[in-house]
K.L.:
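Mind looking over this structure? Questions follow.
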Amino acid sequence: KCFFAQYTMLYTKSPLFAVQSLYDFNQLHTVLGISCSRPPNCTAVELKAFEGWRATFLENFTPVTSKCKTHQTGVYADSCVDHCQTVATHYWDDYVVGGQRLRETFSNWYFARSSGSGCEVDCAFPCNHNCTLYPHTHGLV
């Protein structure tokens with residue numbers, strides 16, 4: 001419990017840039033037991049859990065996003081059903097949140113640029129049309 005952001009950010013002094021899917025398929029599958037990969041394939045129970053996951057995540061993530069104003073933290077939270085957005089170049093260049101790519105958001109935060117936000121939180125699924133670029137299902141239907 002103590003390793004989750006809502007607890008650790010109270011004691012974090014180092015600058016931190018967080019990248020997270022608001023619908024991380026690994027968490028949806030392993031934590032909630034959702035076996036569908038996207039809402040059209042979900043049961044009513046899975047869909048309710050899918051939609052509730054984002055709200056719960058954002059509530060718990062508030063200690064991180066609240067520090068964006070001071071540039072102590074930066075955030076890039078997309079609404080794509082995905083996992084591990086920083087491991088491949090295409091994630092840094094192709095997903096767009098708040099009009100910015102991950103690369104731009106990170107650079108704006110790291111270099112404390114006033115020209116753009118270093119904190120971008122996406123709208124609810126399925127609003128981001130860029131999410132369909134890499135529909136990873138990893139065994140999910």
Side-chain angles (χ1 to χ4, degrees), residues 1-43 45-141:
K1 177 176 170 177
C2 63
F3 290 110
F4 291 103
Q6 66 265 39
Y7 306 110
T8 59
M9 282 308 294
L10 299 172
Y11 307 101
T12 302
K13 304 289 186 222
S14 301
L16 173 80
F17 188 84
V19 178
Q20 180 65 43
S21 169
L22 298 173
Y23 302 98
D24 185 303
F25 72 78
N26 184 54
Q27 293 172 0
L28 291 168
H29 181 67
T30 59
V31 176
L32 295 182
I34 294 176
S35 60
C36 63
S37 63
R38 292 193 167 46
N41 304 325
C42 299
T43 66
V45 171
E46 289 173 327
L47 184 57
K48 185 175 180 179
F50 184 90
E51 292 171 344
W53 181 260
R54 178 182 185 273
T56 301
F57 178 85
L58 287 175
E59 180 181 324
N60 291 332
F61 207 54
T62 300
V64 179
T65 56
S66 67
K67 292 187 176 186
C68 284
K69 295 177 183 104
T70 64
H71 288 283
Q72 182 178 353
T73 61
V75 172
Y76 193 85
D78 62 65
S79 62
C80 304
V81 180
D82 218 326
H83 182 70
C84 295
Q85 288 95 320
T86 59
V87 298
T89 302
H90 65 81
Y91 290 115
W92 288 80
D93 293 326
D94 292 342
Y95 288 172
V96 177
V97 176
Q100 295 188 127
R101 301 181 190 309
L102 172 54
R103 181 179 312 279
E104 295 164 323
T105 303
F106 176 78
S107 295
N108 288 337
W109 170 77
Y110 186 81
F111 295 110
R113 295 180 182 145
S114 60
S115 61
S117 173
C119 190
E120 295 295 340
V121 177
D122 211 355
C123 48
F125 185 90
C127 70
N128 191 331
H129 69 279
N130 292 294
C131 293
T132 60
L133 295 172
Y134 305 101
H136 296 99
T137 58
H138 297 271
L140 304 175
V141 274

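Along the sequence shown, residues carry numbers from 1.
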K.L.:
Check disulfide bond (SG atoms under 2.5 Å apart) between Cys123 and all other residues, then give those that pass, not counting sequence neighbours.
P.N.:
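Counting only residues at least two positions away or on another chain, Cys123 forms a disulfide bond (SG atoms under 2.5 Å apart) with Cys127.
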K.L.:
Closest approach of Val121 and Thr65, non-hydrogen atoms and distance?
P.N.:
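Taking Val121 first and Thr65 second, the nearest heavy atoms are CG2-CG2, 4.2 Å.
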K.L.:
Lys67 versus Leu16: any side-chain heavy-atom pair under 4.5 Å?
P.N.:
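Not touching, per the 4.5 Å side-chain cut-off.
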K.L.:
Do Arg103 and Asp93 meet the salt-bridge criterion of a basic N to acidic O distance under 4.0 Å?
P.N.:
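A salt bridge links Asp93 with Arg103.
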K.L.:
Restricting to non-hydrogen atoms, name the atom on Ser35 and the atom on His29 that form the minimum distance, rounded to 0.1 Å.
P.N.:
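Answer, listing the atom of Ser35 first, then His29: CA-ND1, 4.2 Å.
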K.L.:
Determine, step by step, whether Asn130 and Asp94 satisfy the side-chain contact (heavy atoms from CB on, under 4.5 Å) criterion, reporting the C-alpha distance in whole Å, the side-chain angles of both residues, the deciding distance to 0.1 Å, and the verdict.
P.N.:
CA-CA 7 Å; Asn130 292 294; Asp94 292 342; over 6 Å; no
K.L.:
Looking at every non-hydrogen atom in both residues, tell me the closest pair between Ser107 and Arg113 and how far apart they are.
P.N.:
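Scanning both residues completely, I find the closest heavy atoms to be CB-NH1, 3.3 Å.
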K.L.:
Counting only N and O atoms by type, is there a donor-acceptor contact under 3.5 Å from the side chain of Tyr76 to the main-chain atoms of Glu104?
P.N.:
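Flag not set: sc Tyr76 to bb Glu104 has no pair under 3.5 Å.
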K.L.:
Report the C-alpha distance between Gln100 and Thr105 in whole Å, list the side-chain angles of each, state the deciding distance to 0.1 Å, and finish with yes or no for side-chain hydrogen bond (donor to acceptor under 3.5 Å, both in side chains).
P.N.:
CA-CA 6 Å; Gln100 295 188 127; Thr105 303; 3.2 Å; yes
K.L.:
If you round to the nearest 0.5 Å, how far is OH of Tyr91 from SG of Cys84?
P.N.:
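That separation rounds to 7.5 Å.
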K.L.:
Taking all non-hydrogen atoms of both residues, which atom of Phe25 and which atom of His83 are closest, and how far apart?
P.N.:
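Answer, listing the atom of Phe25 first, then His83: CE2-CB, 3.2 Å.
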K.L.:
Do you know the tightest heavy-atom contact between Leu47 and Cys42?
P.N.:
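Leu47 and Cys42 have their closest heavy atoms at N-CB, 3.9 Å.
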K.L.:
Does a side chain donor of either Tyr95 or Asp82 reach within less than 3.5 Å of an acceptor in the other side chain?
P.N.:
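On atom types as modelled, these side chains qualify, holding a pair under 3.5 Å.
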K.L.:
Between Val19 and Leu102, is the side-chain contact (heavy atoms from CB on, under 4.5 Å) condition met? List the steps.
P.N.:
CA-CA 8 Å; Val19 178; Leu102 172 54; 3.8 Å; yes
K.L.:
Any donor and acceptor pair, going by atom type alone, linking the side chain of Asn128 with main-chain N or O of Val96 inside 3.5 Å?
P.N.:
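Yes; judged by distance alone, with no hydrogens or angles, the pair exists.
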K.L.:
Who passes ring pair (Phe, Tyr, Trp, His ring centres under 6.0 Å) against Phe17, sequence neighbours left out?
P.N.:
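Expected list: Phe106, Trp109.
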K.L.:
Give the minimum heavy-atom separation between Asn41 and Glu46, together with the two atoms involved.
P.N.:
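Taking Asn41 first and Glu46 second, the nearest heavy atoms are O-OE1, 4.3 Å.
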K.L.:
Would the distance check show the side chain of Glu51 and the main-chain N or O of Lys48 forming a donor-acceptor pair, the cut-off being under 3.5 Å?
P.N.:
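Pair absent, no side-chain N/O of Glu51 close to backbone of Lys48.
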K.L.:
Do any N or O atoms from the side chain of Thr56 and from the backbone of Trp53 form a donor-acceptor pair under 3.5 angstrom?
P.N.:
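Not a single qualifying donor-acceptor pair exists.
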K.L.:
Report the C-alpha distance between Val75 and Phe61 in whole Å, list the side-chain angles of each, state the deciding distance to 0.1 Å, and finish with yes or no for side-chain contact (heavy atoms from CB on, under 4.5 Å).
P.N.:
CA-CA 10 Å; Val75 172; Phe61 207 54; 3.6 Å; yes
K.L.:
Suppose the criterion is side chain to side chain donor-acceptor pair (under 3.5 Å): which pairs have a residue in residues 12-23, not counting sequence neighbours?
P.N.:
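The answer is Gln20-Asp24.
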K.L.:
To the nearest 0.5 angstrom, please state how far the CZ atom of Arg101 sits from the CG atom of Asp78.
P.N.:
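So the CZ of Arg101 and the CG of Asp78 are separated by 13.5 Å.
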